[in-house]
Amino acid sequence: MSLLGPIPLGIFVYIAIGAALLAVGAYIIKMRRRRFEVPFSQLWRRVLEQKDANSLWKQLKRLISLLLILIILGIVLFAALDPTLGAVDRKARSVVVLFDASASMKATDGSEDGKQTRLDAAKARTKRLIDSMGGGDVAMIMKVDGQATPMSRFSSDGPMLNKIVDGISASDTPADLTRALGAAADALRDRKNPLIVIVSDGAFPEAQLGLVRWDEPKAGPNIEKDLAAVDLSKIDVRYLPVGRRSDNVGIVAFNVRRYIANKAAYEVYIEVQNFGQEPAHRQLALYNGDTAVDIKRIDLAPGQRLKQIYPKLPGSADNKLRASLRPVEGAGGSDAFALDDQAFALLPERKKQKVLLVTDDNLYLEGAILVYDNVDPSKITPAEYDARPQIADGFDVVIFDDHTPAVMPPPPASLLYFHPTGEHSPVKIRGSLANPRITESDEGHPVMRWVTLSDVYMDSTNTFAPDHKKGETAVAYSVRDTVIAAKRDGRRKILAFGFSLPSPGRESATDLPLRVAFPMLLVNTLDWFAGDQTDLLTTYPTGVRERIPLDGVVNATEAEVKGPDGSITKTPVIDGLATFYGARVGYYDVIAKDAKGTPIAQIALAANLASPTESDIAPSTELSLGGKKLDAPEAFSITRSRKLWIYLVLFALALIVMEWITYHRRITV
Amino acid sequence: MATASASLTQIKASAAARDKRVADRSELFDERFLKTLEHLHMVSRKVFAGNIRAERRTRKVGSGIEFADHRTYARGDDFRYIDWNLYGRLDKLLLRLFEEEEDLHIYILVDVSDSMAIGSPLPKLHYAMQVGAALTYVGLANLDRVAIIPFADRVIDRLPPSRGKNRIFRVFDFLRNCDIGGKTELAECMKAFVTQNKRRGLAVVISDFYDPDGFEQGINTLRYNKFEPFVLQVYDKREAEPNLHGDLALVDCETGDTREVTVSKSLLEQYTKAHESYCKELEAYCTKYAMPFFRTHTSIPFDELVLKIFRSGGFLR
């Protein structure tokens, strides 16, 4: 602890000069007198004539007063330089304590009776380390979990550092040792006698333990690896282990997916591993919402990893899935780490869409729609629609077959047009082509997934002039002319085909309905309208930064993340992708809002520990970094230096009080 | 510099506020004041019961009825006053002299200089005017001829001698509207006063007597010109015992002289002594020459002071 902290000497000199000038200036101002009107100054003159005899002494007293002020100022500035009594200790060390606050530190083996966690034990050891520091030693506490967070600056204030250590809590993420070592090495750069102390259970991935170097990089085949490694040359690294037990059975993988062919059904994948040295017995339960889908007993040999697949599970209203491990009575049921006994997953939401067909009996279209089981179709004629457009209210999708209405259905209904014409076309018509061929398509567009249209026949088609400023894009081209165009209009999506489907009297309009691509094209379109992406992941490991696509988000730059504990944080959104970092296991909601605060996109996510390294809680009594075994920290050298600033400040305060008393007692005036 | 100019601005503002307060004399002589005067008049009549009103015998030989003396006849004397009986007995022409009866002239001289504007809660000037008005009223009621002369560095104005209670309102108007302000120059003012007023009489000087040139010459001018000086010193308690401390620049409100001083407790004590000593000097001077002297501060109600004056018998004889 020091009075002004690390202020550079140059700035300090400026401060000193400024303060001295200020003091003298203030003294001059102090000498300016308050004016007071008297009726007869001769009387005062008579009195003062006697006093003037000792005016020299009076002036002297004034100078003493100024001198006293300057002495006080000098003392304060000297105190700010943080003077130390006694010889400078050349063995004084700069220490960065890397305090492991990863998930494995929640293991309840900090004490024999299991009442303390590893984190509690680590705090006790760290505080003992801080208390043993000498007067010249300084330390910085850095919390290590999925991130490296400095909790203090370098300080010799033991009580303050202990208080910081007491305030650390463990997160649900794996530890990122490489990041932490890099941050500590940067903090210790150019400091004398640098020391890093890792207080941890040693649960780090092998890859991280090898990503350090102790020497300067040398030219050769390994130069790239050396440059990528953390430079720990000239830094003493020590390891302070915590942890006692290794008995733990944990879920190391848990995920769920819908079948592509039958999206109403899904399958679940679970991996469970016994990290203990003894056989373990558990009850593995799978829940969909609050409903138990499956409960079974599993027996695991030491180190055994069990992979469990639950195929063809029927869908339900609740899309939240939870896997849980419970000990069974008898031997092999003890577990020191509870965090990995539960895992969470989410099924991508799936809604049955209400589809309105506006057509004069198109067997190809109606047949293809009816094949898809996740729609609720209705049909009206174009004349009926034009007579009463509000009939489309409440539908999720409206398909216009060879008809371009003057009045569009209101948002958020998505629209599919076949052969739109005229000024009411959703995308501006550029012209028309006879016997076109699809020469190019946007394969990245969800509508074109697994679809090829290269040899589709069309007798004619309208072409579009998509305007990117209006959110319009080309999906398929005939040479340079857009034949299929897509458009985003807020939450509404529109797809327009420039050509007609075959209909009575125009059977040879196109052969598309006769191809395999046609139902796939329709399914893709309906899935795109619903925001349903088959390859969307909703379950992520904690401690990893992920980019999550937010469907329909164009202009938002920020989204809210509601965590498992109800806390709400902000996260940036770039190009429709929100950054997600799960620090706790459980369910999250990522919500993007428009300028008025109305939600425009929302996605639910699940985060699990899913880290065999963290679940393997067996403590490492030894730790090797880059092939070098780390020793336990040695005792700090005891120095007898004493900080003087507090005494100097007290002395300055005493002088100020003395000056105040003498001034008001008219001794120094 | 900024502090000094701020202080100067502050003092100017304070002086302006004070001048405004002093200049506003509309409430000085209200109904209540008039009642107090009436009361004073009644009291004065009881105190001086039996005295002859408006009759003061003078040594001046005139056309009175009371025999005073004889003197040798001189050419030009009125034959009617020759004492023929004595001529028959002594064979000398002697003239009978009678004491001439005349009204007493009372001159109320009120100091209206800048130093009189100081005082709290009542400025000394207002107090002096109230005392002056009270004495005037009693004088008028006793059928004396009372004149009021405000002065500072010169005789500022003059309300000619008048008689009768009903003239009191004119007196009020005069005191309300007369000019005020200026330095105190007692000697010059008294010199001008005696020049302008040939009829001798009682000259009541109401002032703080804060004259840098001293009070003696002014009072002596009255004495030498056969006026009967009646000295009434008015001061404010806070100017006698000021509540000051710290570093100050003392500014004389009349001369503008500035003196820097650090006021300590001992200095204040010395000043209080000096003020008392100055007042004592004035008192001793008056006593020495048998002039009635009264010293009062503005905290004493003016009617109390007037009664004290009556009881002393110095004002009405």
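Proteins come first, then strands; the chains are lettered A, B, ... in the order of their sequence lines, and each starts at number 1.
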key: Electrostatic pair A:D166-A:K163, nearest N-O below 4.0 angstrom   = no

Minimum-distance pair of heavy atoms, taken over all atoms of B:Y107 and B:I149 = CD2-CD1, 3.8 Å

inquiry  = Using heavy-atom distances under 4.5 Å, tell me whether B:K124 contacts chain A through its side chain, its backbone, both, or neither.
reply    = side chain

key: Heavy atoms of other groups near B:N243 CG, more than 12 under 6.0 Å   = no

ask   = Taking only heavy atoms into account, what residues of residues 206-214 of chain B are found under 4.5 Å from chain A?
value = B:Y210, B:D211, B:P212

Listed partners of B:K280 passing side-chain contact (heavy atoms from CB on, under 4.5 Å), at least two apart = B:E276, B:E283, B:R295

ask   = Would you say B:R223 has more than 12 foreign heavy atoms packed within less than 6.0 Å of its CZ?
value = yes

request  = Begin with the C-alpha distance, continue with both residues' side-chain angles, and end with the deciding distance and a verdict on side chain to side chain contact (heavy atoms under 4.5 Å, CB included) for B:V131 and B:V110.
outcome  = CA-CA 10 Å; B:V131 172; B:V110 182; over 6 Å; no

ask   = In terms of side-chain heavy atoms, does B:D157 have a donor or acceptor partner in B:N177 at a distance below 3.5 Å?
value = no

message = Less than 4.5 Å to any heavy atom of chain A: does that hold for the side chain of B:T258, its backbone, both, or neither?
response = side chain

